[in-house]
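What follows is a short report on a single structure.
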Amino acid sequence: LKRLQTAMDNVNILIKLVNDIMDLRKSKEAKMSLTLSSFNLRDLAATVIDAYQSTAKTKQLDITLSASQEYDYSIVADHDKVMRIMTNLLSNAIKYTPSGKRITVTLSCPDQEHFTLEVKDTGVGMDKDDVSRVFEQFFQAKNAVGGTGIGLALSKAFAELHHGQVHVESEKGLGTTITVQLPRLQPASSDAPVAPKAVAVAEVEPLALQYTNSNDHQENAKDQMVV
């Protein structure tokens with residue numbers, strides 16, 4: 001049974017790698033699409049963090065979520081792609097943060113039209129040369145611990161697909177902070193609310209946008225993650 005589980009884990013890893021490579025290729029060819037729905041960004045962040053708590057506990061890491069209760073974190077975006085941004089950033093932070101250290105995930109609203117997601121670790125950090133290339137496809141920093149060099153490139157592609165942006169700050173030996181800014185609404189959704197049933201909308205070049213029901217997002221989020 002143990003060998004079977006190992007084989008299944010390896011298959012899942014390979015499937016995820018192939019899917020990531022295909023998504024990167026689609027993004028470069030402007031063929032990637034968004035499936036839009038309305039969901040709560042804070043709830044999604046809490047679900048992602050909860051899914052990683054057992055891994056963090058093994059490394060004796062403290063992961064906290066900082067998000068003011070006074071804001072409405074409703075967002076219209078691609079739930080799966082935003083979740084993958086969060087999982088990529090958080091898994092990287094866990095990988096490069098030594099035992100006994102802290103990782104902080106912060107959600108904020110710099111203005112009424114945007115959300116900011118910040119993942120800050122107190123890990124090994126990177127030098128300036130690595131920081132300048134960290135979002136390049138297949139790039140791995142000098143202190144890389146496994147991985148494929150795809151996660152951050154894909155996260156950047158997903159953020160830009162949402163008309164957002166990603167920024168990284170890092171200092172050797174002190175840690176890394178990656179900040180993602182996403183608009184609250186997408187251009188095709190600004191004048192029309194998300195329907196409770198799936199409704200196709202016109203393709204917006206170079207993005208193909210669709211609306212879908214998101215009622216089951218919260219329940220299915222953990223099942224979609226590969227931790």
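- With sequence neighbours excluded, no residue forms a side-chain hydrogen bond (donor to acceptor under 3.5 Å, both in side chains) with Glu171.
- Relative ring orientation between Phe115 and Tyr73 is described as parallel, the plane-to-plane angle staying below 30° on a 0-90° scale split at 30° and 60°.
- Interatomic distance, Ser38 OG to His79 NE2, rounded to the nearest 0.5 Å: 10.5 Å.
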*Step by step, work out the side chain to side chain contact (heavy atoms under 4.5 Å, CB included) result for Leu182 and Leu117.*
CA-CA 8 Å; Leu182 296 173; Leu117 165 70; over 6 Å; no
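- Between the side chain of Asn88 and the backbone N or O of Arg84 there is at least one donor-acceptor pair closer than 3.5 Å.
- By the side-chain hydrogen bond (donor to acceptor under 3.5 Å, both in side chains) test, Glu70 is found to be paired with Ser68, residues two or more places apart in sequence or in another chain being considered.
- For Asp121, there are no side-chain hydrogen bond (donor to acceptor under 3.5 Å, both in side chains) partners two or more places apart in sequence or in a different chain.
- Looking at Val82 and Leu41, their side chains come closer than 4.5 Å, going by heavy atoms from C-beta outward.
- Here Lys120 contributes atom NZ and Thr64 contributes atom OG1; the two are 10.5 Å apart, rounded to the nearest 0.5 Å.
- Heavy atoms only, all atoms of each residue included: Val168 and Met126 are closest at CG2-CE, 4.2 Å.
- Minimum interatomic distance between Pro183 and His163 (heavy atoms only, all atoms of both residues): CD-O, 3.9 Å.
- Linking Ile, Leu, Val, Met, Phe, Trp and Tyr residues whenever their side-chain heavy atoms come within less than 4.5 Å places Tyr71 and Val76 in a single cluster.
- Taking CD1 of Ile49 as the reference point, atom CG of Leu44 lies at 9.5 Å (rounded to 0.5 Å).
- Between atom CG of residue Asn92 and atom CG of residue Leu152 there is a gap of 4.5 Å, rounded to the nearest 0.5 Å.
- Grouping the Ile, Leu, Val, Met, Phe, Trp and Tyr side chains by contacts below 4.5 angstrom, directly or via other members, places Leu65 with Met86.
- Pairing each heavy atom of Arg42 with each of Leu107, the nearest pair is CA-CD1, 3.5 Å.
- Checked options Thr177, Asp130, Thr176; the residue passing with Ser170 is Thr176 (criterion: side-chain hydrogen bond (donor to acceptor under 3.5 Å, both in side chains)).
- Under the side chain to side chain contact (heavy atoms under 4.5 Å, CB included) criterion, Lys101 pairs with Leu61, Thr97, Pro98, Thr122, sequence neighbours left out.
- Listed by first and then second residue, the salt bridge (Lys or Arg N to Asp or Glu O under 4.0 Å) pairs involving residues 103-114 amount to none (not counting sequence neighbours).
- Distance check: His114 NE2 to Ser108 OG gives 12.0 Å after rounding to the nearest 0.5 Å.
- Here the closest non-hydrogen pair linking Ile85 and Ala159 is CD1-N, 3.9 Å.
- For Lys172 and Asp127, the salt-bridge test fails: no basic side-chain N is under 4.0 Å from an acidic carboxylate O.
- The side-chain hydrogen bond (donor to acceptor under 3.5 Å, both in side chains) test applied to Ser66 returns no partner, not counting sequence neighbours.
- By the 4.5 Å heavy-atom criterion applied to side chains, Leu90 and Ile63 are counted as neighbours.
- Under the rule for a side chain to side chain contact (heavy atoms under 4.5 Å, CB included), the partners of Ser99 that lie at least two apart in sequence or sit in another chain are Lys59, Gln60.
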*What's the verdict on side chain to side chain contact (heavy atoms under 4.5 Å, CB included) for Ile178 and Val134, showing C-alpha distance, side-chain angles and the deciding distance?*
CA-CA 11 Å; Ile178 298 183; Val134 72; 5.9 Å; no
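- Atom NE2 of His162 is separated from atom CG of Asp78 by 5.0 Å, given to the nearest 0.5 angstrom.
- Closest approach of Val166 to Ser155, counting heavy atoms only: CG2-O, 4.3 Å.
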